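As the structure is a computational prediction, the values presented were derived from the model and not from experiment. All ligand and atom numbering here is 1-based and tracks the order in the structure. For this chain, numbers begin at 1 and follow the sequence in order.
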Amino acid sequence: MSQKVLLNAKEVNIILHRLACQLIEKHNDFSNTVLIGLQPRGIFLADRLTKILKEDYKIKNIQLGYLDITFYRDDFRRGQKTLEANKTKINFLVEDKNIVFIDDVLYTGRSIRAALTAIQSFGRPNEIELLTLIDRRFSRHLPIQPDYRGRQVDVINNEKVKVNWIEHDKEDSVYLIEK
Ligand SMILES: O=P(O)(O)OC[C@H]1O[C@H](OP(=O)(O)OP(=O)(O)O)[C@H](O)[C@@H]1O
Ligand SMILES: O=c1cc[nH]c(=O)[nH]1
């Protein structure tokens with residue numbers, strides 16, 4: 001197994017600030033916008049962006065939730081092992097809200113498809129956008145594209161992108177791992 005650094009901590013930090021600014025450009029004070037981090041790994045990115053928006057850009061009332069998509073995946077009946085769901089935590093109404101889904105990697109688009117189904121149980125939002133740190137180019141199985149992307153990368157099929165967060169993985173970094 002070999003691995004190559006795609007983004008180091010400094011580059012991740014610059015990208016996070018750019019993404020935060022792009023969100024502000026569209027959503028202003030976030031009075032009608034909610035952020036939803038997708039479990040399991042989108043929540044680290046959602047937490048970090050929320051922290052930057054609050055602390056560096058003084059946006060006060062950001063509503064942040066976490067959405068688990070385990071049982072909405074189109075492959076969930078295929079695996080043999082028992083599936084363990086993560087926590088969904090959405091303590092606000094999404095009815096008529098602008099939602100920004102946040103995930104670390106966009107690959108086939110199937111996770112986002114599942115999230116679009118899962119969120120329907122919480123109401124009818126006004127619109128849903130997608131923010132992703134890494135957009136794997138030319139690998140979509142569905143017509144799903146990000147509205148905000150950190151970095152687009154070309155990845156061949158036997159390679160995997162791994163996003164690390166200091167809170168969970170001891171460093172902020174993105175690696176390309178050859179399996
Ligand atoms: O666009 P997709 O093909 O759905 O892939 C993207 C998803 O894959 C990763 O999750 P995870 O490692 O939990 O899922 P995986 O097993 O599908 O790689 C990542 O955090 C995204 O949520
Ligand atoms: O490269 C990939 C593909 C799907 N999910 C990841 O986390 N990385």
Side-chain angles (χ1 to χ4, degrees), residues 1-9 11-13 15-16 19-20 23 34-51 64-90 94 99-122 125 128-179:
M1 192 177 80
S2 68
Q3 57 181 38
K4 180 177 131 195
V5 181
L6 284 179
L7 297 174
N8 61 30
E11 291 165 324
V12 169
N13 188 42
I15 288 174
L16 292 181
L19 290 170
L23 286 174
V34 301
L35 304 181
I36 306 257
L38 300 193
Q39 291 275 20
R41 297 195 63 90
I43 67 169
F44 302 112
L45 175 55
D47 285 349
R48 287 290 281 281
L49 283 170
T50 303
K51 189 165 185 279
L64 168 67
Y66 301 150
L67 181 64
D68 181 60
I69 59 163
T70 307
F71 299 115
Y72 295 89
R73 294 182 61 100
D74 54 9
D75 58 358
F76 100 92
R77 287 179 203 280
R78 287 187 168 186
Q80 280 79 42
K81 57 183 181 169
T82 315
L83 284 178
E84 242 180 72
N86 294 290
K87 262 213 181 83
T88 286
K89 187 171 159 239
I90 299 181
V94 303
I99 294 181
V100 184
F101 279 161
I102 298 178
D103 208 354
D104 60 344
V105 179
L106 177 61
Y107 175 35
T108 64
R110 287 173 190 268
S111 300
I112 301 306
R113 202 283 313 146
L116 289 166
T117 307
I119 201 68
Q120 286 177 2
S121 320
F122 293 85
I128 302 180
E129 293 184 309
L130 172 62
L131 179 153
T132 183
L133 183 65
I134 302 294
D135 170 15
R136 286 184 58 152
R137 189 155 48 163
F138 304 135
S139 49
R140 225 71 82 228
H141 295 181
L142 297 166
I144 288 173
Q145 307 301 338
D147 298 284
Y148 311 90
R149 70 160 68 81
R151 180 69 62 86
Q152 192 171 51
V153 296
D154 289 319
V155 181
I156 51 181
N157 271 337
N158 63 344
E159 293 172 331
K160 187 171 163 97
V161 176
K162 171 84 197 319
V163 178
N164 297 312
W165 299 104
I166 198 156
E167 303 87 327
H168 191 261
D169 313 292
K170 299 197 177 82
E171 64 173 24
D172 288 341
S173 59
V174 181
Y175 284 90
L176 185 60
I177 298 172
E178 194 182 327
K179 288 185 253 176

Using the side chain to side chain contact (heavy atoms under 4.5 Å, CB included) rule, pick out the option among Val100, Ile90, Ile102 that qualifies with Ile36.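 Among Val100, Ile90, Ile102, the one meeting side chain to side chain contact (heavy atoms under 4.5 Å, CB included) with Ile36 is Ile90.
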Ligand 1 contact on Thr108 by region, counting heavy-atom pairs under 4.0 Å: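 For Thr108, backbone and side-chain atoms both sit under 4.0 Å from ligand 1.
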Who gets closest to atom 17 (O) of ligand 1 by heavy atom: Arg73, Arg110, Lys162, Lys160?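 The nearest heavy atom belongs to Arg73.
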Trace of the side-chain contact (heavy atoms from CB on, under 4.5 Å) decision for Val12 with Glu171: CA-CA 10 Å; Val12 169; Glu171 64 173 24; over 6 Å; no
Protein contact of [atom] - nearest heavy atom, named by residue and atom, plus distance:
atom                    : answer
atom 8 (O) of ligand 1  : Ser111 OG, 4.5 Å
atom 21 (C) of ligand 1 : Asp103 OD2, 3.3 Å
atom 6 (C) of ligand 1  : Val105 O, 3.3 Å

So which protein residues pack against ligand 2 under 4.0 Å, heavy atoms counted?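 Within 4.0 Å of ligand 2, protein side: Val105, Tyr107, Arg136, Lys160, Val161.
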Answer yes or no for atom 15 (P) of ligand 1: protein heavy atom present at a distance under 4.0 Å?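 Under the 4.0 Å cut-off, atom 15 (P) of ligand 1 has no protein heavy-atom neighbours at all.
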Any protein heavy-atom neighbour for atom 2 (P) of ligand 1 (distance below 4.0 angstrom)?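 It does; a protein heavy atom is within 4.0 Å.
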Using a plain distance cutoff, I'd like to know if Tyr107 has any nitrogen or oxygen under 3.5 Å from a nitrogen or oxygen of ligand 1.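 N/O-N/O distance below 3.5 Å exists for this pair.
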Taking distance alone, with N or O pairs closer than 3.5 Å, would you say Gly109 contacts ligand 1?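 Yes: some nitrogen or oxygen of Gly109 is under 3.5 Å from one in ligand 1.
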Non-neighbouring partners of Arg149 that pass side chain to side chain donor-acceptor pair (under 3.5 Å), sequence neighbours left out: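 Per chain and number, Arg149 pairs via side chain to side chain donor-acceptor pair (under 3.5 Å) with Asp135.
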Quick one: side chain to side chain donor-acceptor pair (under 3.5 Å) partners of Thr88, sequence neighbours excluded?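 So Thr88 forms no side chain to side chain donor-acceptor pair (under 3.5 Å) with any residue.
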Testing the basics here: between [X] and [Y], what is the closest heavy-atom pair and its distance to 0.1 Å?
X      : Y      : result
Arg41  : Asn164 : NH2-CA, 4.2 Å
Thr70  : Ala85  : OG1-CA, 3.7 Å
Asp104 : Thr132 : O-OG1, 3.4 Å

Take Leu176 and Val153 through the side-chain contact (heavy atoms from CB on, under 4.5 Å) test and state the conclusion after the steps. CA-CA 10 Å; Leu176 185 60; Val153 296; over 6 Å; no
List the steps and the verdict of side-chain contact (heavy atoms from CB on, under 4.5 Å) for Asp172 and Leu16. CA-CA 11 Å; Asp172 288 341; Leu16 292 181; 5.6 Å; no
Looking at Asp104, which atoms of ligand 1 are within less than 4.0 Å of one of its heavy atoms?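 Reading through ligand 1 atom by atom, the close ones are 19 (C), 20 (O), 21 (C).
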In chain order, what residues pass the side chain to side chain contact (heavy atoms under 4.5 Å, CB included) check against Ala115, with sequence neighbours excluded?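 Ala115 satisfies side chain to side chain contact (heavy atoms under 4.5 Å, CB included) with Leu38, Leu67, Ile69, Phe101 only.
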Could you go through the side-chain contact (heavy atoms from CB on, under 4.5 Å) check for Phe71 and Thr117 one step at a time? CA-CA 10 Å; Phe71 299 115; Thr117 307; over 6 Å; no
